[in-house]
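Beneath this line is the structure, given in structure tokens, with notes to follow.
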Amino acid sequence: MMRTRPLKVALLGCGVVGSEVARIMTTHADDLAARIGAPVELAGVAVRRPSKVREGIPAELITTDATALVKRGDIDVVVEVIGGIEPARTLITTAFEHGASVVSANKALLAEDGATLYAAAEEHGRDLYFEAAVAGAIPLIRPLRESLAGDKINRVMGIVNGTTNFILDAMDTSGAGYSEALDEATALGYAEADPTADVEGFDAAAKAAILAGIAFHTRVRLDDVYREGMTEVTSADFASAKRMGCTIKLLAICERAADGESVTARVHPAMIPLSHPLASVREAYNAVFVEAEAAGQLMFYGPGAGGSPTASAVLGDLVAVCRNKLNEATGPGESAYTQLPVSPMGDVVTRYHISLDVADKPGVLAQVATVFAEHGVSIDTVRQQGKDGEASLVVVTHRAPDAALSGTVEALRKLDTVRGVASIMRVEGE
Ligand SMILES: NC(=O)c1ccc[n+]([C@@H]2O[C@H](COP(=O)([O-])OP(=O)(O)OC[C@H]3O[C@@H](n4cnc5c(N)ncnc54)[C@H](O)[C@@H]3O)[C@@H](O)[C@H]2O)c1
Ligand SMILES: N[C@@H](CCO)C(=O)O
Ligand code: NA
């Protein structure tokens, strides 16, 4: 039976995502009410610029005082789509203290200090939902927290940043320049307020921390995630990748160690074979592979960024939280009971593609091969292209620990015959 008294929602932030949340809440009000079992009412919208015209939002709902809004006491759900650490963190914890549940899209905050948010939610018996924080519209957090709660997840690997996938795809397929592609991604509402978070891998690293934490039931913070951005990927790297039957993607990879005693989380550009499903993820789409012991391989694919796809995930959470409220229940809280240590990048084992500029003379290849052997890194293939006494040497290795590869590269740089290390890229997905 439908409850007539509405559930009240406070919206914090009315930018790319917030404006879409408000629009869908208004246009789909009847359907949302029917699905929840009570009407949902937008009771206040906190913004920074009140003078801006916001179509469909009554002026009397607009306020610049987000703190007063979350303290009102009659608010059932606070939707936080401001982003950043503060004031978002204080607003969320204040919302819990004043009886509201929270839906947030804020991966930066969850990765930096999710523990504080979970603790405040638990202390006050409220919900914290954040489907939009990882891979936008793609249902991923809920499947990991709920559908796969009975399984053991060993690996999560995916493309979780739309902006950088858009740029890399453009560089690969149309030869577009980096800044031109970034401008387009920003205009389409994919990029963060400061796109450095996207291109330097901070956004993907935050998502990796959240995914690893949920997948492995352990606390993983942004600082635990190894991170390399994609600003140094060149057209020469793409040409090299093509020769190997690969493309280049910015990947987030979270793994449980073979002995099950530790985990790793990392974000970096990597070559993947064109035959791998992640290679065909185009534009700003995201895709995430999950490997679970009983389920096997699962792939989640869809729009990972943009106002309306992200609003879809926020509204799904809003419906879930409202249903919980009516049932006087709460959804899942933090699950970090395993407390596994997060190992450093040096322990990660993978394959490498290394491009060297060397002198084209007898014995150079043998010298280079010896350095790899001395560091216990086994070579899979070598390709040499010579020109005017100089040569480019491309070495692809078998699987080796990252620390061994770093040692190899350091030693290679010291050889007189090695003029430079043009690029080092990991090779994944084989
Ligand atoms: N855009 C996307 O594709 C996307 C996807 C997934 C998650 N997110 C996340 O959603 C959140 C919002 O992203 P966005 O793209 O809408 O950003 P945005 O910059 O378009 O919107 C944020 C809005 O919050 C407002 N704001 C800032 N401080 C405020 C305050 N103290 N009080 C009231 N309003 C304040 C800003 O003026 C701005 O309008 C971020 O956490 C982001 O990481 C965005
Ligand atoms: N800036 C992010 C938004 C989605 O989290 C991206 O490009 O994927
Ligand atoms: Na999602």
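Keep in mind it's a predicted model, so treat the numbers as computed, not measured. One-based numbering, in listed order, for ligands and for the atoms of each.
Under 4.0 Å from ligand 2, not a single heavy atom of Thr310 appears. Only side-chain heavy atoms of Thr310 come within less than 4.0 Å of ligand 1; its backbone N, CA, C and O stay farther off. Under 4.0 Å from ligand 2, the heavy atoms of Asp198 that appear belong solely to its side chain. In Ala185, neither the side chain nor the backbone holds a heavy atom less than 4.0 Å from any atom of ligand 2.
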Donor-acceptor list for residues 296-313 side chains, cut-off 3.5 Å, not counting sequence neighbours:
from   : atom 1 : to     : atom 2 : distance (Å)
Thr310 : OG1    : Gly306 : O      : 2.6

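Here the closest heavy-atom approach between residue Asp127 and residue Ala329 is recorded as OD2-O, 4.4 Å.
At least one N, O or S atom of Val134, from either the backbone or the side chain, sits less than 3.0 Å from the Na ion (ligand 3). Contact annotation: Pro139 places no N, O or S atom under 3.0 Å from the Na ion (ligand 3). In summary, no N, O or S atom of Ala137 is located under 3.0 Å from the Na ion (ligand 3).
Of the possible donor and acceptor atoms, none in the side chain of Thr164 sits under 3.5 Å from a partner among the backbone N and O of Leu250. Within the 3.5 Å criterion, the main-chain N or O of Val160 finds a donor-acceptor partner in the side chain of Lys207.
Both cation-pi conditions hold for Arg145 and Tyr129: the charged atom is under 6.0 angstrom from the six-membered ring centre and inside a 45 degree cone around its axis. Phe202 carries Arg227 over the face of its six-membered ring, with the cationic atom under 6.0 Å from the centre and within 45° of the normal.
Counted within 6.0 Å of CD on Glu86, heavy atoms from surrounding residues, nucleotides or ligands total more than 12; the atom is thus considered enclosed.
In summary, the atoms of ligand 1 found under 4.0 Å from a heavy atom of Val47, numbered by their order in the structure, are 33 (C), 34 (N). For ligand 2, the atoms closer than 4.0 angstrom to any heavy atom of Ala305 are 3 (C), 4 (C), 6 (C), 8 (O). Near Glu192, with a cut-off below 4.0 Å to any heavy atom, the atoms of ligand 1 are 42 (C), 43 (O). Atom numbering of ligand 1 starts at 1 in the shown order; those under 4.0 Å from a heavy atom of Pro87 are 31 (N). Within ligand 1, the atoms closer than 4.0 Å to a non-hydrogen atom of Gly13 are 24 (O), 34 (N), numbered from 1 in the order shown.
Contact analysis leaves Gly136 out of contact with ligand 2, as no non-hydrogen atom separation drops below 4.0 angstrom.
Atom 15 (O) of ligand 1 has as its closest protein heavy atom Val16 CB, 3.6 Å. Gly83 CA, 3.2 Å is the protein heavy atom nearest to atom 41 (O) of ligand 1. The protein atom (non-hydrogen) at minimum distance from atom 35 (C) of ligand 1 is Ile82 CG1, 3.8 Å. Regarding atom 3 (O) of ligand 1, its nearest protein heavy-atom neighbour is Gly306 N, 2.6 Å. Taking atom 8 (N) of ligand 1 as the reference point, the nearest protein heavy-atom neighbour is Lys107 NZ, 3.6 Å. Among protein heavy atoms, the minimum distance from atom 12 (C) of ligand 1 is reached at Val81 O, 3.3 Å. Residue, atom and distance of the protein heavy atom nearest to atom 21 (O) of ligand 1 are Gly15 CA, 3.4 Å. Closest protein heavy atom to atom 9 (C) of ligand 1: Ala105 O, 3.3 Å.
Within the 4.0 angstrom cut-off, atom 1 (N) of ligand 1 has one or more protein heavy-atom neighbours.
When the ring pair (Phe, Tyr, Trp, His ring centres under 6.0 Å) test is applied to His375, no partner is found at least two apart in sequence or on another chain.
For atom 16 (O) of ligand 1, the candidate residues are Asn286, Val17, Asn161; the nearest heavy-atom contact is made by Val17.
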